[in-house]
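Some notes on the structure that comes next.
Quick caveat, the model's predicted, so the values are computed rather than measured. Below, all heavy atoms of this structure are taken into account, side chains as well, without hydrogens, waters or symmetry copies. Letters go in sequence order (proteins before strands), and every chain restarts at 1.
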2 protein chains.
Amino acid sequence: MSKPVFKLNGRVWIETNNEKILGHGRVELLERIQASGSIRQAALQMKMSYKQAWDLVNHMNDMFETPVVTSQRGGKGGGSAVVTGHGVKVIEQFHALQKKLQEFLDDNLHLIQL
Amino acid sequence: MSKPVFKLNGRVWIETNNEKILGHGRVELLERIQASGSIRQAALQMKMSYKQAWDLVNHMNDMFETPVVTSQRGGKGGGSAVVTGHGVKVIEQFHALQKKLQEFLDDNLHLIQL
DNA sequence: TTGCGTTATATAAATAAAAACATAACGAAT
DNA sequence: ATTCGTTATGTTTTTATTTATATAACGCAA
């Protein structure tokens, strides 16, 4: 094998009692719900089943004291979902975190010299 | 639900062409091989099957230009495995990385105020 | 030369995770 | 009242992952 080029990568997430409640994927889901106003559309965009998306949203709502998404069924368009103010804060804070992580990864790539 | 306590957690790993080749679990495996001189014992300690451990070792050896573990079968004790000098370097560098990551997590916990 | 414990490898079985499918509830619009 | 598209939820099926099982190779020691 010719000398490969190594990359440093990483992830951060938020957990409570060892249970992951917010990470990269869930935040993307929130953003897409925010943009589309629909859990279904967000799920389609991320190529996951509606059920899986709904379960994730439901789980987040359960874990946070204040829900991150509210939704209603029926009505114009069949129903809708909106990211709450709290949800927006969650997204923003996670973004700040990810930005920091990227800096960290860039800063520490030099540590590996394999 | 009563107000939960949130923790910030994370992982880093080394990859090449989007394929993970070294992370937290594999490094622990290397360390246990180093300590026990046996892939089997390391696997038992980590409660994984011998096959899985062997596959991981094999994969690492394939990805690095120099193997991280060498092994021989037969002989006293039935066989043995040793972590190479290169493997030791890999372990050390990853440890340095993990230490930095922990500092990062500690330093940035304040960013989340959910 | 037989037994032992391990490496090395393949295949089968079992579990777990994900996807697919089905169906009810809902309210606006027609 | 019926249609529509979505939320909400459970169940079934499929796929992927993990574990278990089996077997050969090996070299030392008895």
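Under a 3.5 Å cut-off, the side chain of Thr16(A) and the backbone N or O of Phe6(B) do not form any donor-acceptor pair. Of the possible polar contacts, one joining the Thr84(A) side chain to the Pro67(A) backbone as a donor-acceptor pair under 3.5 Å is found.
Asn9(B) is not listed as a side-chain neighbour of Val12(A), based on a closest heavy-atom distance of 4.5 Å or more.
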Evaluate Gln98(A) against Val27(A) for side chain to side chain contact (heavy atoms under 4.5 Å, CB included), listing each step before the verdict. CA-CA 11 Å; Gln98(A) 278 198 316; Val27(A) 168; 5.7 Å; no
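Put simply, CG on Leu44(A) is 13 Å from P on dA19(C), counting in whole angstrom units. Distance Leu56(A) CG to dA19(C) C1': 14 Å, rounded to the nearest Å. One atom, NZ of Lys76(A), and another, P of dT7(D), lie 14 Å apart when rounded to the nearest Å. Between Ile33(A) atom CD1 and dT7(D) atom C1' there is a gap of 12 Å when expressed in whole angstrom units.
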B/S/- contact track for nucleotides 5-12 of chain C, protein heavy atom under 4.0 Å: BBBBBBB-
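Here Asp107(A) pairs with nothing under the salt bridge (Lys or Arg N to Asp or Glu O under 4.0 Å) rule; sequence neighbours left out.
Taking a 4.0 Å limit (strictly below) on heavy-atom distances, residues 12-23 of chain A does not reach DNA chain C anywhere.
Atom-to-atom distance recorded for Lys51(B):NZ and Asn58(B):CG is 9.5 Å, nearest 0.5 angstrom. Interatomic distance, CD of Gln45(B) versus CG of Leu29(B), reported as 9.5 Å (0.5 Å rounding).
By the criterion of side-chain heavy atoms lying less than 4.5 angstrom apart, applied directly or through intervening Ile, Leu, Val, Met, Phe, Trp or Tyr residues, Trp13(B) is not grouped with Leu105(B); the two fall into different hydrophobic clusters.
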